[in-house]
Amino acid sequence: MISPEPDLVARLITSETPADVVHAAAACLAQMLDGFVWVRSRLALERRTAGRREVIGLAKSKYNRAGQLIEFRVESLTVFDDGLGAWRRSRPDLTVTRPASVESIVCASSFLDMSSTHSAVLTDPVRRLANLERFADHLRGTALPWFSGSGDPRSIASTAPDALLGPWDFAQDLMEFMVSAAQEAQARALWERVRELNPRHQEAFITGQAIAQSGGARPRWHTPEALGWSATTLGLA
């Protein structure tokens, strides 16, 4: 395990207000996780590599009280890719409309749905570092593998978690990511996997494909129809 800088550890142990403790803990946690930095303004841990940004979104407990409870939790995991954002801007005919804030999104997940352990309790100064180390170890076994599952467009068809491939999730975004990286065969394999995982939504997929073929209004992002629309528009079906 990577140890945080001694001055950060000292700040973690000696801070008293919940806000100060949480910010010190988040800064320590970032150093415990390979390549992440603490972005206080966004209350997030972020890792940037070659145009890719991986984000671990944090939240402070509303019940935090000095001397009674100091806790923070991981709420979400999100991946953005600059190349994908540029591809969407250059080929708006191949994608659906998204808010500008998520124009480059590859995938996202609620961490609350991924794990029953999603918070670190830091009330007792003596136990803060040990509790944080255990939480960092937990994130290495849960959050970091999740990020890896969408890291390489050449292998996403097999590595993407099933939870990302539901009819209201991020299969559409992942297919676009692979096509933007010239991995059409992998995108086609992912589309086949989506169909196998979601047999009850075949009719909606077919409806979306028919909309694409007829040039009708684009379906709303993150719907079963949008998945079918993308499969046809991207040339995968």
Side-chain angles (χ1 to χ4, degrees), residues 30 33-39 41-58 74-111 113-114 139-140 142-194 197 218-223 226-237:
L33 301 176
D34 185 33
F36 282 86
V37 296
W38 166 232
V39 183
S41 62
R42 290 196 284 268
L43 207 66
L45 307 179
E46 298 188 3
R47 180 166 65 182
R48 293 177 179 267
T49 53
R52 177 181 171 92
R53 180 162 62 99
E54 299 172 345
V55 182
I56 301 176
L58 308 184
V74 170
E75 285 200 325
S76 62
L77 308 177
T78 310
V79 177
F80 299 93
D81 185 86
D82 292 343
L84 176 57
W87 177 86
R88 285 173 176 152
R89 289 189 295 273
S90 68
R91 296 302 308 270
D93 55 313
L94 297 183
T95 188
V96 296
T97 302
R98 294 169 178 79
S101 61
V102 291
E103 187 176 51
S104 300
I105 197 166
V106 176
C107 57
S109 177
S110 166
F111 192 69
D113 295 331
M114 288 178 57
L139 292 179
R140 287 191 202 92
T142 52
L144 300 195
W146 183 91
F147 285 123
S148 298
S150 64
D152 188 346
R154 297 170 297 180
S155 59
I156 288 174
S158 59
T159 61
D162 287 353
L164 287 177
L165 306 182
W168 293 280
D169 292 298
F170 285 86
Q172 179 182 27
D173 307 84
L174 291 169
M175 290 191 301
E176 290 181 356
F177 179 43
M178 287 185 278
V179 170
S180 75
Q183 296 295 324
E184 288 84 356
Q186 286 295 311
R188 190 170 293 110
L190 185 69
W191 167 237
E192 291 303 319
R193 186 177 159 201
V194 168
L197 287 171
R218 300 179 191 192
R220 182 169 55 86
W221 182 41
H222 284 187
T223 62
L227 265 172
W229 182 91
S230 281
T232 293
T233 301
L234 296 172
L236 308 179

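These numbers come from a predicted model, not from an experiment.
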- Evaluate the side-chain contact (heavy atoms from CB on, under 4.5 Å) criterion for residues L234 and E176: first the C-alpha distance (whole Å), next the side-chain angles of each, then the deciding distance (0.1 Å), finally the verdict. CA-CA 8 Å; L234 296 172; E176 290 181 356; 4.0 Å; yes

- Message: Has R193 got a side-chain atom pairing as donor or acceptor with A160's backbone, closer than 3.5 angstrom?
- Response: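 Such a contact is found between R193 side chain and A160 backbone.
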
What I'd like to find out is whether the side chain of [X] reaches to under 4.5 Å of the side chain of [Y], using heavy atoms alone.
X	Y	answer
L45	V39	no
F170	S150	no
T49	E54	no
L190	L236	no

- Evaluation steps, side-chain contact (heavy atoms from CB on, under 4.5 Å), between R91 and T95: CA-CA 7 Å; R91 296 302 308 270; T95 188; over 6 Å; no

- Message: Is it true that, when you exclude D93 itself, more than 12 heavy atoms of the residues, nucleotides or ligands shown sit nearer than 6.0 Å to its CG?
- Response: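 Counting other residues, nucleotides and ligands, CG of D93 exceeds 12 neighbours.
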
- Task: For atom CZ of R89, decide whether the heavy atoms of other residues, nucleotides or ligands shown that lie under 6.0 angstrom number more than 12.
- Result: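 Yes.
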
- Using the side-chain contact (heavy atoms from CB on, under 4.5 Å) rule, take F80 and V55 through it: C-alpha gap first, then chi angles, then the decisive distance, then the call. CA-CA 8 Å; F80 299 93; V55 182; 4.1 Å; yes

- Item | Option from P153, S180, S104 for which side-chain contact (heavy atoms from CB on, under 4.5 Å) with L84 holds |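 Of P153, S180, S104, side-chain contact (heavy atoms from CB on, under 4.5 Å) with L84 is met by S180 alone.
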
- Message: Using a strict threshold of under 4.0 Å (side-chain N to carboxylate O), is an ion pair present between E103 and R88?
- Response: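 Between E103 and R88 there is no salt bridge, as every charged N stays at least 4.0 Å from the carboxylate O atoms.
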
- Message: I'd like to know if R53 pairs up with D82 as an ion pair, taking the criterion as any Lys NZ or Arg NE/NH1/NH2 lying under 4.0 Å from an Asp or Glu carboxylate oxygen.
- Response: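 No, this pair does not count.
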
- Just say parallel, tilted or perpendicular for the rings of F147 and F36, cut-offs at 30° and 60°.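 Taking F36 first and then F147, their aromatic rings sit tilted (interplane angle of 30° to 60°).
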
